[in-house]
Structure formats: C-alpha cells, structure tokens
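Some notes on the structure that comes next.
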Amino acid sequence: MEHNEGAAVGSRSRTEFSTIRHDGENSAFLRVFSPSSSSGKQEAISSSHRRNARVPLGNVSGEIPMTTPDRQSMQSPTYSLGSGVKRTNSLSYLDPSTPVPVRIVDPSKDLNSYGLGNVDWKERVESWKLKQDKNMMQVTSKYVEGKGGDIEGTGSNGEDIQMADDARQPLNRIVPIPSNQLNLYRVVIILRLIILGFFFQYRVTHPVKNAYALWLVSVICEIWFALSWLLDQFPKWYPINRETYLDRLALRYDRDGEPSQLAPIDVFVSTVDPLKEPPLVTANTVLSILAVDYPVDKVSCYVSDDGSAMLTFEALSETSEFARKWVPFCKKHSIEPRAPEFYFAQKIDYLKDKIQPSFVKERRAMKREYEEFKVRINALVAKAQKAPEEGWTMQDGTPWPGNNPRDHPGMIQVFLGHSGGLDTDGNELPRLVYVSREKRPGFQHHKKAGAMNALIRVSAVLTNGAYLLNVDCDHYFNNSQALKEAMCFMMDPALGKKTCYVQFPQRFDGIDHHDRYANRNIVFFDINLKGLDGVQGPVYVGTGCCFNRQALYGYDPVLTEADLEPNIIVKSCCGSRKKKANKKYIDKKRALKRTDSTVPIFNMEDGDEGVEEPGEEVRAVDDLHRLDVHGARGLPPSTNPASLLKEAIHVISCGYEDKTEWGKEIGWIYGSVTEDILTGFKMHTRGWISIYCMPPRPAFKGSAPINLSDRLNQVLRWALGSIEILLSRHCPIWYGYSGRLKLLERLAYINTIVYPITSIPLVAYCVLPAICLLTGKFIIPEISNYAGIWFILLFASIFATGILELRWSGVGIEDWWRNEQFWVIGGTSAHLFAVFQGLLKVLAGIDTNFTVTSKATDDEGDFAELYIFKWTTLLIPPTTVLVVNLVGIVAGVSYAINSGYQSWGPLFGKLFFAIWVILHLYPFLKGLLGRQNRTPTIVIVWSILLASIFSLLWVRIDPFTPDSQRSVAQGQCGINC
Ligand SMILES: O=c1ccn([C@@H]2O[C@H](COP(=O)(O)OP(=O)(O)O[C@H]3O[C@H](CO)[C@@H](O)[C@H](O)[C@H]3O)[C@@H](O)[C@H]2O)c(=O)[nH]1
Ligand SMILES: [Mn+2]
C-alpha cells in the first residue's frame, strides 16, 4: 500500500508539515513535506499560505528527552503532527506575473521566464551578496588595523614582523615544468605535424589500384585519427604543476588564538542506490568529511539521497553517533585517512617511529568501536534486504515518507552541528544534513545534476557557505587538509576572484595491480588535465571539486586586463619585486574598481600611499585579496531554525525549478549524463578559470568498477553523455563565442565530446588487417624508399611525443600502454554503442538513463570483482574484431606457407597490423575468459590455433625438401589459391 493513501486520511486539512522529534541526544529535526492527497494529485501550498504557515515549533522544543540510549528509537525519529495550514491546489507558488530577473544573462529573454527560482530566491541571493560585501569590508578594516599593529605596534618583536611578512606571501605557486623538457616536447610535436603533412600527401596521391575501397577507407580513417590527435595534443601545450602553502594560509586566516577567518564551506555527498552504493561506503565518506581539518563551525556536510531510502537515513543517523567518537580520535592523533575503513586497513608498524603506547591503546579501542559500528550498519543493511509489503515504517509506526522513491515528499534532517550535542571531547561537530528532494511522477528530476542543484539551494538556506565541494558517495577525503588546499587558491588574492572551481584528480582504491581496464585513468588525470591547467583550467570531473558559489549561481567572473597575466603573485614571489610588477597590481585594482559593480566601494588607495615602500605591492595584493573574503556563515544566529527548515523543504520541491534558469544557466547544467563536463564548460565560456590541485597526498580517493562489464557500462555512460552534449545547444564546436573561452580550452572540450565518434573509424581500421589478410590485398601500395622514410619518421615522431610526454608528466609506461589498450577496447565497444544510442535519443527522443556503478565494499578481497563476468551486448563488437583478426592471421599464414617465400614480405605488414589490433584487445580477451581457473578454455583455443599454424609452417618450410622441388610446387599452387 502506498504511504500516500494511508497518510492522506484526515491529515490533509490538518497539517502541512510533520515534525520529527528533536531529542537532547540527537538534536535532530526532520521536517517532511506532507504527502499528497489520496487522489495522487500534485499539491503544494500557495506562496501566501506558505508564508503564514505556522510551524509547530512547540513540538520541536518540547521533545521527549531521550534518556535511554535506545538505538532503534534514535534511528527512527518520531513524527508529531502539529497544526498547520490548509493546502491549496496550486502546483507551485511561482507567480508568473512577478518578474524575477536576478541577473540578466541574455537581455533578449523574457524576464518572466527568467530567474533563479522565485522572489524568495532572488531576495536570498541579493542579501547573500550584500552580506558578503559587508563582511569583506569588515575584514578589510580589521586587517588594516592588524597590519598596522604588526608592523609598528609590535615592531620590536622580530618574530612578529617575520610573521606579518610571511602572511603576505602568496598561498600557491606554479611550479613550471623544466623548459628543456617542454621545449623538446614542443619541437617534436611540430615535427610530427610536418611529417604528418608529408605522410598524407603521399597517402592521398598513391591509391592502391587493385584495392581502391580498402585504400579509401583507410585514408579516411587516418585523416580522422590525425584530426583527433590534433584535438588531443594541442591543449597539452602549456602543462604546469602547482604547489600550495598551507602554513601561509594558516598564518593569514587561521592564527592560533584568533577566530578563524577561513571561509565556510558546504560539502555535498551524492548517493542514490543503497544496494549499489553500500551505506558503509557512504558512512566512511561522511566520517572523513566530519573529521576534516577545518574549523568545525565552517564545515557542513549535506548528503543527497536520491533513492529516498530509509536505510540511508538510518545509516546516517548511526554515522552521526559514531562521529562523536571518531572525529576527536582523528584530530587528537592527526591520523590519515579519516575514513575508518581505509584507516584501519593500513598496516601500522608498532615498532617503528616510537608510537606512543597510549595511542596504540586508543587505536585498538577505536578499532573495536568501528567494528561494532560496522555490525550495526550491516544489520541495517540486512534488515533492508526485503521491503515489507506495506513499505518501511519508522520506530513510532509512522510510515517512512520515502517508500516510493519516485513519488515522495522532500525530506530534510539535520544531525550534529551547533545544537546537536558535542563529541566525546566536548567539542562541536560539523553539521550533517540529510536531504532527499521531493520526487513526483511527471517531473524531470535530472539525475545527479538535479540532486546537486537541490543541495545548492538547501545549503543556501541553512548554512550558505561561500564555497561548495562535492564528492560522490564513494569518494572519501583521503587528505584531511583537502579543504585548506582548495582555499589556498580560492582565498588567494590573484586567483580567487576568477576561479570557478578547484578540481582535484580522482584517485582510486582497490584497483587490480595492473589496472587492466585503465580504471585509474592516469593519462587523463596526470597529462591532459595538467595541460589544461596551463590554459584555462581542468574540466570538472564530477567529484572532488571545490566550487565558488558565485560561479554556480551563474555569475560572470571579475575579469580585468591584468588577467591576461597568468599569475602575478608568482612573479613577485620569484624575486622580481620591481616597479613594473608593482604597477600591475595598482592597475589591476583600478580595473577591478572600474569594471566590477559588485565590489563594495571603499577607499583602497588609503593604505596604499607611499608606493616606494618595499613589499608594497604585496600589501596592495592583500587589499585586493580582501575583496575575496566571502562572508562568514551567511545567516544570523537568530534566524528561526523552524522557518529555515520550512524554506529548505520548499526549495527542494520538484516544481521549484519550473520556468527558471536552474540547470540552464544556474547550478549544475542539465542535458547530459556527464553533467560534470557540461557544468564546467559553461563556467569556462563565461571566462572563469579553474585550478588543478594535486597535493602529494591524494586529496580524495574513490572506487572504480574493476570488472570488464561494469567498466564498459561506465565508459558507455560517459561517451553517451558526450554525444548528448555534441548534439545539444551547448556543443563546444558552436557554443560560447563571447571570446572568453580560450581556443585551446575549446579544443579540449571538443575533444571530450567528439571522441566517441572515433569509434567508427577505429572499428573499420581494426577490421582492415583481417580483410587484408583474407583477401591478400593491402591498404598501402608497394612502398618506395622515399615513402618508406615518411612512414618510419611518422612512427618515430609518435613514439617520441609519447616518451617526452611521459617524461614531463611522470606517468609510467605501463599506465600509458593500458590507456592505449583501453582506447581500443572502449572504442570498439562502448563508444560505438554510445554514438548510436545518442543518435537514437535525438531522433526518437528516448531518454538515457544513469546506470550507477556498483561500489564494492571489498570484503571478498583478492580482486574477486575483477573476474565477475556479466554478459552485455557491448562485448560483441570487440569479440568480433578479435576473432576476425585471429582468423585472418591463420588464413594469411597458411596462405603464405602455401605460396612460398616471396609472399612472406607483404604478409609481414598485414601480420604486424593484425597483431597490433590483438595486442590492444588483449586485456579484453582476458576479461572475456574470466578467472584463472577457467583459463583452460583459452589455452585450448590458443593451442589449437598455434598448433595448426606451426604444423602448417613445418610442412611448408620442410627443411628436408630441396629448393628446386619447392619452387615447382609453388608454380603449381598459383597466387590466389
Ligand atoms: O540520479 C542520480 C544518479 C547518480 N547520482 C550520483 O552520482 C554519482 C556518480 O555516480 P557513479 O555511478 O559513481 O558514476 P561514475 O562513473 O563513477 O562517476 C563519474 O562520472 C559521473 C558522470 O557520468 C560524475 O557524475 C561523477 O561525479 C564521476 O565520479 C554517485 O554519487 C551517485 O550517487 C545521483 O545522485 N543521482
Ligand atoms: Mn563512481
């Protein structure tokens, strides 16, 4: 029975909101948008009603105190129904007659259909901006005072001066790649380009007479490959590395004994399916966030549950309890990583490094606590395996509102935080918020992008951090300093204003030693993204990314002429504290003042007289930097929590985004299953830059699908997402010519969306060797010495660029080779399907679904996962390519054997070609054959194959037959037998 129908009885006219108890222990409150009427019709309150809605606050404060630590009742909050308002039948309270242009992107647009959501939202955004501006001014004046004090007041103290000096040092710097490496690399690229020109000149002008079609196909393929090489190569022209200075960040914003000035950050975790994304995995991620090394009152963790699962909710409740012990333990002993599962999986050598006995003891106790926690979570999971007929019920007998994941009210519950009780050391914990946005049939929910946008709004209402960081539920903080790393860029005077996000590379646990299916994507993360970092910044990859809230709201960055300079700060820190550099700061300031109306007006010149003073430019930068300090927690403490929650529930209702720019210009952008690429692309076209941050200790770690079928499905989704973008209005080939997207950045985006198309020429090219072997024809006419040189040079230049690239990036040859292999495997399977599915989608309007990849809890160990074999149609094309080439080899070799010596020469080319294909598909073959103990099958197949080849060989080359006889035999056989 649907929860809706039952709950509708009588409740309809009684209440709007149900309040969940708020107990002393948990201090949690959940407000649930009440279920719809029995008719199942969509309902919501009108705006006027909503404002007047009386929230049963009395119930919130007058809770039954929890005296017994009864786990069950702690997990299942009780509802108490208060008197509310009547509902009306309007779907949403967006009043179409009220224009809500918060920010006009396109003035030609109808104002009524434009806006951030509604009047409330507009007010919110505007007050947010105002508050920020106010904060900036406060901080600025404070700083000016402080600065004076540092330099003159406590001037006698040398240390203080030193400190003040240090505090002005840049927070990050570009570590250039040695220019000799880079220059050689560039020279080789240019040479390769020239060689390629000559190569094509030869190829195009020398058709193969007896195999015209083969030649034509191969040349077309080669031209496409060359084009895609260009797209891939040139965005890697300016690779850079970066370095951060956490100590300077602390000196500047987080000094001991002073209130921290670090900006507040809201951290988002997305989860959807507790069966594929085990609650223990999510719990570990959440724990690593709660234990992060950042002022607790400046971190809030939002968990989006798109599956509206009571299991996720209860697991989170357990997690919040366990955090009270876990967080102080992490902080006391400064352990890493702060996700317990991965921390305890580390081997610790107790004999090394004088580990304190007290630590050993506490660690052991904590490990036991964690194991108990795990047992509780596993019990919840076990209980959740089979849903009761009537749906889940909470402890007090109230039905779980999310029983139908496609039709349920919005739910929010706040755990921990300011009023949520303290940890075992008596310290406050970061806020933890469970959010499950409303879902109703007939509404587009936009998958992950929709979930993220709901979180943007909820967080704006509840905590309003200046920055947002989002992770997938399986990507835990592996480095507790990650937020500070991001702040080294976001709070940097030179970069902060124009940086839309700081992307961290994705790193993974639990990948098989040889990374058979290139899951780690090392080439992409360590070569391509480093290259983009030197252009306009890395693409957004969906997780481990810290955003500027302003950029997500769709604002343009503050751009000035000085922005053409890559990183002014670097220059000053590298010693050239010259007048010229100094002038630039001043220029930049002026420009800023001129162009940016959002910057509060205060006299920046005041502190800046006497430009001659050494270090002055740095101070000027500091002033600039003041503009970058975002507001502290955006909400006054007096704000009524009940009304806030009410508003928060409202902003996650499913009609909320109707007729707004959410998903079009604001927030995560809709229209592709790779919402990440699209979202980042939009920001780059607005002129924002992004930053790639690779701390030595990886900031985040996730899990990846290590079995063949799951991996192919993941790659299929990514490729499909790219095709969706290619065929949308946001296609980087046509979109965004405002002059703010750098050319090389555009090339990179074009590359990330057209790459699936390469699968078509790739499949053709992989079948060609087999055809050649079977027909005895070839794609290249007999080669002259002159032509041969171009072929050899081409191979040499390809090889040389590869090697040099590996050198500057530090990527290993094995990773590179895996990447090459998977390029062929993915290309002949997933990418090919993606092209057709994508076309189908556009032509027939079939929606693509987001198939979430399962995250193994890795209890089996031994990479059992690697050998899981699931049949998918994706396997057919590569298998065919493989078999055809094997057959081709056998046919070719036996043919050559039959035709004698002179046929071996031409055969070589074809064989080489076919073997090239097979080598690339080798990991795929392994995946097809499954676990080691099933190998006999392949061994048999191979042995039969090899055996026949060798026996044939033996017969033909028979060393006992005299030469003369053999040539006779050849003559009889003829060429085309
Ligand atoms: O309706 C949905 C579907 C997915 N998700 C979440 O999206 C995330 C990514 O899903 P996953 O199956 O792990 O995809 P991956 O291929 O591993 O993810 C990469 O690629 C995705 C784009 O396809 C990005 O969204 C991810 O951030 C990026 O890590 C997970 O946290 C899911 O819970 C939702 O919140 N709602
Ligand atoms: Mn994932």
Tell me whether the centres of the aromatic rings in F477 and F700 are closer together than 6.0 Å.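 Close enough - the centres of the two rings lie under 6.0 Å apart.
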Check: W400 ring centre within less than 6.0 Å of F313 ring centre: yes
Evaluate the side-chain proximity of [Y] to [X]: yes if any heavy-atom separation is below 4.5 Å, no if none is.
X    : Y    : result
S288 : E341 : no
V458 : V651 : yes
P279 : L380 : no
F322 : L287 : yes
C301 : P430 : no
Y553 : I456 : yes
M683 : F547 : yes
T312 : E277 : no

Grab the two heavy atoms, one from [X] and one from [Y], that are nearest each other, plus how far apart they are.
X    : Y    : result
V303 : T271 : CG1-CG2, 4.0 Å
Y343 : P337 : CB-O, 3.3 Å
H475 : T285 : O-CG2, 3.5 Å
Y670 : W662 : CE1-O, 3.6 Å
D658 : F443 : OD2-CE2, 4.0 Å
D710 : P705 : CB-CB, 3.6 Å

Under the criterion side chain to side chain donor-acceptor pair (under 3.5 Å), which of E321, E318, E314 is the partner of R376?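 In the set E321, E318, E314, the residue that makes a side chain to side chain donor-acceptor pair (under 3.5 Å) with R376 is E318.
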So if I apply the side chain to side chain donor-acceptor pair (under 3.5 Å) rule between N470 and each of Y501, W668, Y540, which one comes out positive? Y540
Has [X] got a side-chain atom pairing as donor or acceptor with [Y]'s backbone, closer than 3.5 angstrom?
X    : Y    : value
H445 : R440 : yes
R338 : V327 : no
T282 : C473 : no
S304 : V435 : no
E438 : C654 : yes
Q385 : V381 : yes
D472 : D474 : no
K276 : V852 : yes
Q503 : G544 : yes
S300 : R431 : no

Take L316 and Q413 through the test side chain to side chain contact (heavy atoms under 4.5 Å, CB included) and record every step on the way to the result. CA-CA 10 Å; L316 212 59; Q413 167 119 5; over 6 Å; no
So, R457 and E657, do they make that salt bridge, N to O below 4.0 Å?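 E657 and R457: salt-bridged.
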Taking the basic N atoms (NZ, or NE/NH1/NH2) and the acidic carboxylate oxygens, is any pair closer than 4.0 Å for D676 and K448? no
Yes or no on side chain to side chain contact (heavy atoms under 4.5 Å, CB included) for F508 and N519, after CA distance, side-chain angles and deciding distance? CA-CA 8 Å; F508 302 95; N519 268 304; 5.7 Å; no
Give, for atom [atom1] of [X] and atom [atom2] of [Y], the distance between the pair rounded to the nearest 0.5 Å.
X    : Y    : atom1 : atom2 : value
K439 : D306 : NZ    : CG    : 3.5 Å
L455 : D266 : CG    : CG    : 9.5 Å
R717 : S672 : CZ    : OG    : 10.5 Å
I725 : T674 : CD1   : OG1   : 4.0 Å
T398 : W392 : OG1   : CH2   : 15.5 Å
M310 : M394 : CE    : CE    : 7.5 Å

Donor-acceptor pair between [X] and [Y] side chains, under 3.5 angstrom:
X    : Y    : result
Y370 : N284 : yes
R711 : Q714 : yes
K682 : H730 : yes

I289 vs V471, side chain to side chain contact (heavy atoms under 4.5 Å, CB included): CA-CA, chis, key distance, verdict: CA-CA 10 Å; I289 295 168; V471 286; 4.3 Å; yes
Decide yes or no on side chain to side chain contact (heavy atoms under 4.5 Å, CB included) for F373 and T319, but give the supporting numbers first. CA-CA 8 Å; F373 168 72; T319 307; 3.7 Å; yes
